[in-house]
Structure formats: structure tokens, C-alpha cells
Trainee: 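Got a structure for you, questions after.
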Amino acid sequence: MTGLNESIATMSGIGPKKQAVLNGLGIKTIADLLNYFPFRYNDFNVQSLADLPDQSQITLKGRVLDAPSVFRYGYKRSRLAFKLLVGQAAVQVNFFNQPWLKKQIEVNQELVVFGRFDRNQLALAGMKILTNHNNEMEPIYSVNKQIRQTTLQKMIQQAYVDYHDQIEEILPQSLRTKYKLESHQQVVHDMHFPKTLRDAQLARRTAKFEEFFIFQMRMQLVKRRHQKFEGVPIEYDQRALQRFIDHLPFKLTSAQSRVLNEILHNLAMPVQMNRLLQGDVGSGKTVVAAAVIYAVVSAGYQATLMVPTEILAEQHANNLVKLFDGLNISIALLTGDTKPAARRELLPRIKDGSVDLIIGTHALIQPEVKYHNLGLAVIDEQHRFGVNQRAALRKKGDAVNILAMTATPIPRTLQITAFGEMDVSIIDQVPVGRKPVLTAWLNEKQLLDSKPFFLSHLLNKEQMYVVAPLIEESDKSDMVSVQSLFETIKNTFPGFEVGVLNGKMKDAEKNAVMDAFKDQSIQILISTTVIEVGVDVSNASLMVIYDADHFGLAQLHQLRGRVGRGTRQSYCILVANPKTEDGAKRMQIMVDSNNGFEIAQRDLELRGPGDMIGRQQSGVPQFKIGDPVADVKMLTYAQLEAQKIVSDPDWETQTDNLALVKYLNDDKLNQSLD
Ligand code: ADP
Ligand code: MG
């Protein structure tokens with residue numbers, strides 16, 4: 001007999017046609033077939049009427065009370081009806097369009113019927129009469145038009161009969177004991193042929209763990225491979241760095257110091273850093289990045305800082321020039337809008353190493369941009385970039401250390417899946433003296449009524465952002481635009497300077513407006529979401545977001561993070577009239593929570609991982625059984641255990657891991673055959 005890893009074509013009864021159909025379902029080998037699990041079951045176990053949920057598919061056993069009658073109506077349509085005595089109750093059973101069943105039903109006969117239960121009518125829409133009934137569950141597989149449910153069921157049964165002896169273990173015994181998991185043999189059996197729903201649930205629990213765990217093993221192995229072969233230790237000047245930190249205009253928070261040490265420690269090791277720095281908006285990631293950049297440059301390497309927008313690049317450049325004043329670090333700005341002449345002059349200086357720090361946008365990863373010895377790439381607002389851009393930066397040098405920063409807190413699920421190969425540092429504290437932003441959700445009428453509130457703050461020299469989803473009015477949408485707000489707000493608050501910002505403006509114009517807002521010659525700034533990321537004006541304490549239900553929660557949290565950066569109490573007003581319950585829920589979450597992690601988790605639950613960080617770029621793998629959001633706890637344990645195993649250099653030779661090693665090897669073989 002052939003082995004489990006042979007093609008399904010070796011099974012009797014599977015010719016080229018069936019093989020192609022099965023391939024279409026992702027089933028190539030016999031093992032694939034055995035691991036093609038059902039997504040639900042028809043429960044043919046007889047249930048008692050007492051506590052059946054309405055509209056559930058159930059199996060009843062009873063005695064036929066009356067002779068079945070067939071009512072015909074319309075073309076070829078009919079209803080076969082009889083009463084079934086189940087316990088003390090007479091249940092009305094109807095079979096639609098199967099008049100021939102009449103022959104099988106006799107008065108007083110004991111009968112087992114599967115169907116959909118209607119609690120109010122005490123009726124059963126019959127789906128199947130179970131002759132030779134022996135308490136079973138029918139597995140229902142995901143199929144397509146080319147293959148019937150019963151055909152697939154039979155194939156899997158056959159495969160199980162012929163090959164179940166060869167099913168090998170996957171998980172180490174120690175893990176199975178620790179988490180009370182089943183053997184893989186039992187999983188395969190109980191997933192396909194459970195006696196009860198409970199059996200199926202237990203099998204599914206182990207199957208999920210297996211899936212998560214194997215995924216994690218791969219992730220950890222990749223990570224270890226990276227660490228093993230790449231990376232040079234960055235030997236930075238510790239005393240100079242300490243001086244730099246001592247001269248900052250503020251004292252680092254203890255969270256900032258902690259993550260800075262984590263990062264420096266990582267850099268000093270002969271491995272390539274691949275680290276994600278998370279910190280809620282306003283937690284002070286920039287200065288941590290600055291210290292790291294300083295360390296790397298002092299060790300003789302180049303560094304880049306990549307950001308998603310021109311405005312942010314400008315802002316960072318301004319900040320860093322100030323922070324590095326007098327330290328002999330040569331800084332350049334490179335964006336898509338750098339003038340050709342300036343660019344021509346700059347590229348050779350990047351290449352020959354006379355520029356130490358290059359701040360910019362995507363332009364930094366263009367092929368023409370060659371670096372002398374890039375030692376560090378900081379990616380700010382990492383969630384705005386994709387996996388590919390991270391990889392492209394990495395390729396710009398022999399051993400580029402990556403520090404990806406994000407204020408969109410990445411829920412555990414994504415951390416473990418899409419970012420699983422990265423180490424994570426978290427700034428879980430904001431600088432002292434900050435007051436949480438107070439958030440309210442209003443409709444437009446209520447907003448108008450709050451004019452005195454805004455006026456008093458504006459008169460107090462505080463500044464305000466107003467955000468709208470559209471640049472200009474559009475007949476395709478009734479959403480509010482920056483353009484239309486401009487007149488309204490000028491009229492509502494005469495005597496205050498109002499500026500406008502949108503993504504279509506020339507960069508020079510944008511920067512001029514931002515500068516005017518910063519030096520307070522503009523007091524109200526109306527903008528699209530271009531101000532979403534990173535913009536830092538600590539005197540701004542008011543934020544109004546129109547059509548707030550149009551934005552994602554993570555995005556709203558980012559926008560809100562533009563205020564609350566000073567010591568004043570700040571306010572965020574969400575103006576929204578959501579049409580759906582979900583929309584209302586989302587507004588309420590924003591009002592209730594100031595915690596980016598919590599918001600991101602709720603967002604993930606409401607919208608799924610794809611929408612949250614961009615469908616193509618999310619990088620969240622498709623799991624067959626496990627749900628990385630709902631089952632995040634199990635996913636976390638799987639990661640923990642995989643890390644533990646891989647951290648032992650001799651893990652592959654330990655008896656308890658032999659089955660796992662074999663599984664991973666076989667599986668790799670299969671994957672390379674694709
Ligand atoms: P984010 O993490 O959102 O990028 P920033 O780096 O922009 O936050 O920092 C937000 C503001 O807090 C900046 O104005 C920065 O100068 C200030 N800041 C950062 N660290 C501290 C600190 N330890 N104490 C006081 N203010 C700080
Ligand atoms: Mg920032």
C-alpha cells in the first residue's frame with residue numbers, strides 16, 4: 001500500500017477527472033484528504049423536544065400517529081404531512097416535494113426523522129428519514145459544483161479505512177498532556193466521524209492547536225534562521241549616547257528608557273534586528289528612534305527614517321535637526337518631491353556615505369537610491385507600509401537593522417501572525433502630565449449648540465483641527481467636505497484665522513499651512529485625514545471629526561491623537577449619524593475608550609484583519625480551522641510553545657519532538673512539490 005503522502009490518484013476510484021476536482025479543493029495527497037475537515041455536522045443523534053432551539057437542524061424519534069397525506073399545489077410542488085408522537089407531544093412533520101416518501105411511512109411505525117425544527121408551530125420540516133438509524137453525525141464538507149457531498153464523504157471514508165493505521169502524530173506528547181489534547185489519529189477520526197457533537201468539538205480544539213502550532217513552528221524557524229546568519233554587532237559610543245539623552249529637553253519616561261535598552265541590546269548582538277516598536281499615539285516614539293539613530297550613526301553606519309507622508313518627513317527632519325544640533329550628524333531629506341537637481345546632488349552623497357541620516361518617504365527604497373553602509377532603517381507609522389516595503393529596505397544593505405514603529409496598536413492576533421517574525425517592544429506609558437482626551441459623539445444640531453464651548457477655548461488661544469472625509473463637495477456622496485466647511489467655519493467663528501489642508505495640495509503649500517498652524521498664525525485647521533499620522537502641535541486641544549462613522553476606529557484613534565499632546569485638557573468631538581447598529585457601536589467604543597489596544601482589538605473583531613491594515617498587505621495567513629481573531633488565546637499559547645521548543649538548540653534530536661520534526665519535513669516536501 002502507498003503512503004499518506006502519495007497523490008490521491010493512487011487511490012482506487014480516483015481518475016484524472018476526480019483528481020483535478022479534488023486538487024481544486026486543495027487536496028493533493030491522501031493526507032490532505034484525511035485532513036480535509038468538515039465545517040459542520042448534521043446531528044442524527046436523537047434529541048428530546050424539551051430544549052431544542054428554534055430553527056435548528058435536529059433528529060427526532062417518534063411514532064407515526066396518522067396516515068401521511070400528500071397535498072399537491074402548483075407545478076410539481078407538494079407537501080407530505082403526518083403527525084409524529086415524540087414523547088407526549090404530537091409534532092407536525094412536513095416533507096416538501098418528496099411525495100414518494102409516502103411509501104416509507106406507516107401508521108404506528110417508529111420513525112427517525114432529521115429536519116429543521118420550528119418551535120412555535122411544533123413542526124419539523126423534514127429533510128431525511130433515517131432508516132437503519134444508529135446515532136451518528138453526518139460530516140458536511142465544503143464542496144464545489146463539480147463534486148457532490150456524498151461523493152466526498154465516501155472518498156474520505158474509504159481513505160480512512162485504508163490509511164488510518166498510517167496516520168502519524170504531530171504534537172509532542174508533553175504538549176498533548178499539558179493542554180489535554182488528543183492524538184492526531186483521534187482528531188482525524190472524530191473530525192470526520194464523531195459520535196456526538198461534543199466529540200467533534202474536542203477534536204476541533206486539538207486540530208486548531210495543531211494548525212496554529214505548526215504555523216508558529218515555521219515562523220520561529222524562519223526567525224531563527226535570520227538571526228543565525230545575518231547581522232553585525234553595532235558598537236556604539238555609550239558615553240556619547242548617555243550625553244545625548246541627558247541633554248534632551250525632557251526626561252525619558254521609564255517605558256521609553258526600557259524599550260531603548262531593549263533596542264540597544266538587540267543592536268549590540270551579532271544578529272539582525274527586526275523589531276516592532278509599539279506605543280499609543282503621543283507615547284513618544286520619535287525620541288526613542290532619535291536615540292537609536294544617534295547610537296547607530298555614532299558607530300559609523302548610516303540610518304534612514306521612512307515615513308508615509310511628506311508632511312511627516314518634514315516634521316521629523318525639523319525635529320531631528322534640532323535634537324542633533326552640534327553633534328556633527330549630516331541629515332538629508334529625500335521624498336518623491338525632492339527637486340531633480342537636489343536629488344542628483346544628494347544620491348552620490350548617500351552612496352559615498354557623506355550623509356549619515358536620510359529622512360524621507362517611499363523614495364528611500366527606489367532602486368536608484370544606493371547606500372554606503374546602511375545599518376538602521378526606522379519605519380515610522382509602519383501600518384501605512386506593506387510587508388514588501390519592509391523587505392525592500394532590508395535589501396538596501398548587508399545587515400540592515402529594522403525598527404518599525406506604529407501607533408496603531410497591533411492586536412495580538414496580527415502581532416503573532418503578520419508580524420510573528422518580529423520582536424516587539426512596547427511603550428505602555430505616556431509622558432506625565434498628559435490628560436486623556438475627552439471624547440463626545442454629537443449630531444450636527446448638537447454641534448451647533450456647542451458653539452459657545454468652542455468659542456471659549458478658541459478665545460483662550462487654543463487651536464482646533466476640523467476633519468472631513470472629502471476634499472470637495474461631490475454629487476456622488478453626501479459626506480462633508482473640507483471645501484464646504486471652510487465657509488461655514490469662517491462664518492461661525494469670525495475673527496479667527498482658518499487654514500485648509502488636503503492631500504491634493506502641493507507639498508510646499510501643505511508645509512506652509514502646517515508651519516502657520518504650528519506658529520499659531522492659523523488657529524483653526526480644516527483638513528482631510530492627511531493630518532492623521534504623526535503631526536505634532538501641542539497647542540492644539542480641540543478636534544472635530546465630521547462623518548466620523550465613515551472612518552475606521554484605528555484611524556479615528558490616530559486622528560484623535562493629534563490633540564492631547566500638551567498639558568491642557570483636550571477634546572475630540574465625533575460628528576456622526578450612523579445608519580447601522582454597527583456604526584453606532586463603533587462611535588460608542590471611541591467615546592468609552594482612550595486605549596489604542598482595546599480600540600484596535602474591537603476594530604479587528606468588527607471588521608476582520610484584512611480591513612484593518614489593508615487587505616493585500618495584512619499578511620495574515622488563511623487558517624483552515626483556527627480563527628486567529630476568535631482563538632487568539634490559543635494562538636498565543638501555540639506561539640509560546642513553539643518559541644520554547646525552538647530556543648533549545650538540540651530540539652530536533654529530542655525523542656519527544658521526533659514526530660514533529662518528521663511532520664515538518666514531510667510537509668515541507670509537499671509544499672515544495674506545489
Ligand atoms: P508618537 O509616539 O505618537 O510618535 P511623539 O514622538 O510625536 O509621539 O511624541 C509626542 C510628544 O511628546 C512630542 O511633542 C514629544 O516631544 C513629547 N515627548 C516625548 N517624550 C517625552 C517625555 N519623556 N516627556 C515629555 N514629553 C515627551
Ligand atoms: Mg510619531
Side-chain angles (χ1 to χ4, degrees), residues 242 244-263 275-294 304-325 359-361 378-385 403-410 424-437 463 465 514 517-520 529-541 543 554-568 570 572 594-597 599-600:
Q242 194 54 52
F244 172 77
I245 292 169
D246 292 343
H247 280 91
L248 288 171
F250 40 72
K251 194 172 171 307
L252 293 182
T253 63
S254 58
Q256 283 172 318
S257 302
R258 176 175 42 77
V259 301
L260 179 58
N261 283 332
E262 286 168 12
I263 296 165
R275 187 169 286 272
L276 185 67
L277 173 57
Q278 284 192 52
D280 210 341
V281 270
S283 61
K285 296 180 289 295
T286 312
V287 68
V288 172
V292 177
I293 289 170
Y294 181 66
T304 62
L305 171 57
M306 184 164 82
V307 300
T309 67
E310 171 88 14
I311 291 183
L312 204 50
E314 285 269 347
Q315 179 182 293
H316 275 316
N318 289 338
N319 274 342
L320 291 174
V321 164
K322 261 184 240 151
L323 281 175
F324 293 149
D325 186 34
I359 301 169
T361 54
V378 181
I379 307 171
D380 194 18
E381 309 297 344
Q382 125 84 38
H383 62 287
R384 289 294 199 91
F385 295 101
L403 180 65
M405 308 199 292
T406 185
T408 294
I410 300 177
V424 179
S425 287
I426 300 178
I427 305 182
D428 51 2
Q429 184 184 18
V430 291
V432 284
R434 295 271 175 77
K435 297 189 181 70
V437 180
Q463 287 172 283
Y465 293 104
M514 265 332 282
F517 191 61
K518 245 179 234 170
D519 69 24
Q520 304 189 26
T529 55
V530 277
I531 56 139
E532 177 190 340
V533 294
V535 170
D536 187 23
V537 177
S538 57
N539 189 55
S541 60
M543 158 130 335
Q555 202 176 13
L556 287 173
H557 185 63
Q558 281 275 340
L559 283 167
R560 179 168 61 182
R562 297 314 108 214
V563 296
R565 301 176 88 82
T567 45
R568 278 209 191 99
S570 292
C572 174
N594 247 309
N595 178 329
F597 274 85
I599 290 170

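Owing to the predicted nature of the structure, the values given are computational and were not obtained by experimental measurement. Note: hydrogens, waters and symmetry copies are ignored here, and every other heavy atom, side chains too, is used. All residue numbers refer to positions in the sequence shown, counting from 1. In listed order, ligands and their atoms are each counted from 1.
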Trainee: Examine the side chains of N594 and H557 and answer whether a donor and an acceptor come within less than 3.5 Å of each other.
Mentor: no
Trainee: Under 4.0 Å between a side-chain nitrogen and a carboxylate oxygen: does that hold for K285 and D380?
Mentor: no
Trainee: Using a 4.0 Å heavy-atom cut-off, which part of T286 comes near ligand 1: side chain, backbone, both, or neither?
Mentor: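 Answer for T286: both.
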Trainee: Considering only heavy atoms, does M405 approach ligand 1 within less than 4.0 Å through its side chain, its backbone, both, or neither?
Mentor: neither
Trainee: Run the numbers for me: atoms of ligand 1, each under 4.0 Å from some heavy atom of T253, listed by number.
Mentor: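 Result: 23 (N).
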Trainee: For ligand 1, which atoms sit closer than 4.0 Å to a heavy atom of L252?
Mentor: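 In order of numbering, the contacting atoms are 23 (N).
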Trainee: Quick one: which ligand 1 atoms are inside 4.0 Å of a heavy atom on K251?
Mentor: 22 (C), 23 (N), 24 (N)
Trainee: Within a distance under 4.0 Å of any heavy atom of V281, pick out the atoms of ligand 1 and give their elements.
Mentor: 3 (O)
Trainee: Give a yes/no on ligand 1: does G282 have at least one heavy atom closer than 4.0 angstrom to it?
Mentor: yes
Trainee: Heavy-atom distance to atom 7 (O) of ligand 1: which of K285, R565, Q558 wins?
Mentor: R565
Trainee: Looking only at distances, can you tell me whether any N or O atom of G284, backbone or side chain, sits closer than 3.5 Å to an N or O atom of ligand 1?
Mentor: yes
Trainee: Heavy-atom contacts under 4.0 Å between R434 and ligand 1: side chain, backbone, both, or neither?
Mentor: side chain
Trainee: Less than 3.5 Å apart, any donor N or O on the side chain of S425 or E262 sitting next to an acceptor on the other?
Mentor: yes
Trainee: I need the minimum non-hydrogen distance between A289 and V378, along with the two atoms involved.
Mentor: CB-CG1, 4.1 Å
Trainee: Between the side chains of N319 and Q315, is a donor N or O closer than 3.5 angstrom to an acceptor N or O?
Mentor: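 There is no such pair (donor and acceptor under 3.5 Å, judged by atom type) between the side chains of N319 and Q315.
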Trainee: Distance alone, cut at 3.5 Å: any donor-acceptor contact between the side chains of R434 and T567?
Mentor: no
Trainee: Do R568 and N539 meet the criterion of a side-chain donor-acceptor pair at a distance under 3.5 Å?
Mentor: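 There is such a pair between these side chains.
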Trainee: Spell out, as yes or no, whether a donor-acceptor pair under 3.5 Å connects the side chain of Q463 to the backbone of F517.
Mentor: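 Judged by distance alone, yes, a pair lies under 3.5 Å.
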Trainee: Would you kindly specify which portion of S283 sits under 4.0 Å from ligand 1, judged on non-hydrogen atoms: side chain, backbone, both or neither?
Mentor: both
